[in-house]
Visitor: 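Sharing a structure, written as C-alpha cells. Questions coming.
First listed ligand is number 1; within each ligand, the first listed atom is number 1. Please read these numbers as outputs of a predicted model, since none were measured by experiment.
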Amino acid sequence: MKNNNLLFTPGPLNTSTTVKEAMLRDLGSRDYVFIETVKEIRTRLLALGGVSKDQGYECVIMQGSGTFGIESVLSGVIPQNGKLLLLINGAYGNRMLKIAQRHSISHVALECAENEIPDKHEIENYLRSDASITHVAMVHCETTTGIMNPIDEVGKLCNTYHKIFIVDAMSSFGGVDFTIPQAHIDYLVSSSNKCLEGVPGFSFTLANRAHLEQTKGRSRSLSLDLYAQWQGLEINGQFRFTPPTHALLAFYKALTELENEGGIKARVERYRQNYELLMSAMVKLGFEPYVHEKLRGHIITAFLYPSGDYFDFEMFYSMLNQKGFTIYPGKLSRVDCFRIGNIGQIYEKDIRSLLEAIAAVINEMIQKITV
Ligand SMILES: Cc1ncc(COP(=O)(O)O)c(C=O)c1O
C-alpha cells in the first residue's frame, strides 16, 4: 500500500503514529479498563469545553460520524410542540435543515449567502416575533467555506430570549479558542476525527444537564436516542450498542497528546500559523480566497478557481495527489472553489512542502497549454 498522503482536508485528518498504535489492542466493551477510559474521555471533553459535571453539563458519546451526533440532538431534544430556528450559510447548515425535514421537526430557516454571516438583527426579529421558537441551531465553523459564524452573539440572543442553543462545532472544537459558557451553548456537537486528532468512529455532545433531563422519550430514533445513550453511559458506563472500542482508545491517546502539546491554546496557535503561512503564499501564487478576511477562520480555506485557461481542478487535484498531497474539492452551490485545510497532524514544514508542490503543479499545467 502507498504511504500516507498528507491530508489538507476537513477530516478524516492525519493522526500521529502513536494515536494509531493505541488501537493495537482488543478490549471488550464491558472491560473495566475500557469503561474507565470512556469515563475519563467524557470528563476531559467537558473540561475542554470549559465546563464540568459539577457545573451541570454532561458528555454523551454517540457511535458513527459527526452527522449522527447532529441528528441525535436535533431528533432527540426538540419536543413535538417545539420549533427550531436554523441559521444557514453553507452545506452543513443545510444538512441540519434536511434532518429537521426528515424528522418532521417544525422549523424556520434563516439563510444567507455562503460568504456572509447571518444578520444579528434579523435573528433577533425572529426570536422576538415568533414565540413558538424553542431552539436555535447554527454551525460554528461552516467547513464548506471556512467562515466563522458568530456563536457568541447568537448565544447571547438565545440567553436573552430563553431559547435553547445547539451548535455544530464539528470542525472548530479543539481548534478554536472558545468555551460553552462564553457562547451560552446548551448542546455542542463535535467528532473524534477533527481538531482533537483522533480517528473516525464517534461524535460527542456536550449538553446542559437541566435541558437534557427534560428530553426523556422525545427521540424520534432508537439508535440515536441521545437521552437513552446518556442514561446508558451514566448507569453502568456502557454503550447501549457496540462501541467503537479502537477509536476510543486512539482518542484517549489523542487527548493526552493534545495536553502534551500545551492544550487548546497551543493547538490553535499551530493551526493559525499553518493558516497564515498558507494564505500569504497562496495569495502570492495568485489564488483568491472566497471569504473576506474578517470572516475567515484558520481551520480551512476555500479558494476560487483561478481564471486562466490552464486551470483544470481534476488535473490539479490528481497531480497534487500523486505528489502525496490531498486537498479537498469545493462544496459551494454557486461558485467554483477548492479547499485547503490546516488541521490534523500538519506542521509548518508540511505547509511549505504543499506550497512547493502547488507552485510546481501550476507551472506544469501552464506549460501543458503553451506547448
Ligand atoms: C461543520 C460540520 N458539520 C458536520 C459535518 C459532518 O460530519 P461527518 O462527515 O463526520 O458526518 C462536518 C464534516 O466535515 C462538518 O465540517
Visitor: What is the closest protein heavy atom to atom 15 (C) of ligand 1, and at what distance does it sit?
Guide: Thr143 OG1, 3.5 Å

Visitor: Answer yes or no: does an N/O atom from Gly66 fall short of 3.5 Å to an N/O atom of ligand 1?
Guide: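 Such a contact does occur with ligand 1.
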
Visitor: Backbone or side chain, does any N or O of Ser65 fall under 3.5 Å from an N or O of ligand 1?
Guide: yes

Visitor: Lys194: heavy atom below 4.0 Å from ligand 1, yes or no?
Guide: yes

Visitor: So, do Phe173 and Phe204 have ring centers that fall under 6.0 Å from each other?
Guide: yes

Visitor: Relative to the heavy atoms of Val139, which atoms of ligand 1 are at a distance of less than 4.0 Å?
Guide: 1 (C)

Visitor: Check the side chains of Thr18 and Ser16 for a donor-acceptor pair under 3.5 angstrom, ignoring hydrogens and angles.
Guide: yes

Visitor: Taking a cutoff of less than 4.0 Å between a non-hydrogen atom of the residue and any ligand atom, is Arg95 in contact with ligand 1?
Guide: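 A heavy atom of Arg95 does come that close to ligand 1.
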
Visitor: Would you say Asp168 has any N or O atom under 3.5 Å from an N or O of ligand 1, going by distance alone?
Guide: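 Looking only at distances, the answer is yes, because the N/O contact criterion of under 3.5 Å is met.
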
Visitor: Out of all atoms in ligand 1, which are within 4.0 Å of some heavy atom of Cys141? Include the element for each.
Guide: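 Near Cys141, meaning under 4.0 Å from one of its heavy atoms, ligand 1 has 1 (C).
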
Visitor: Give a yes-or-no answer on whether the side chains of Tyr347 and Gln345 include a donor-acceptor pair shorter than 3.5 Å.
Guide: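 The answer is yes; a qualifying pair exists.
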
Visitor: Decide, yes or no, whether a salt bridge links Lys323 with Glu364 under the criterion of side-chain N to carboxylate O below 4.0 Å.
Guide: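 Looking at Glu364 together with Lys323, the answer is yes, because their closest N to O distance falls below 4.0 Å.
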
Visitor: Phe338 vs Phe316, test: ring pair (Phe, Tyr, Trp, His ring centres under 6.0 Å). Steps then yes/no.
Guide: CA-CA 10 Å; Phe338 64 88; Phe316 182 59; 5.2 Å; yes

Visitor: Any Lys/Arg nitrogen of Arg267 or Glu257 sitting under 4.0 Å from an Asp/Glu carboxylate oxygen of the other?
Guide: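 Salt bridge: no.
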
Visitor: Do the charged groups of Glu122 and Arg128 touch, with an N to O distance under 4.0 Å?
Guide: no

Visitor: I need the atoms of ligand 1 closer than 4.0 Å to a non-hydrogen atom of Thr67, numbered in the order shown.
Guide: 6 (C), 7 (O), 8 (P), 11 (O)

Visitor: Starting from atom 12 (C) of ligand 1, find the nearest protein heavy-atom neighbour and note its residue, name and distance.
Guide: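 Going by distance alone, atom 12 (C) of ligand 1 is nearest to Tyr92 CE2, 3.3 Å.
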
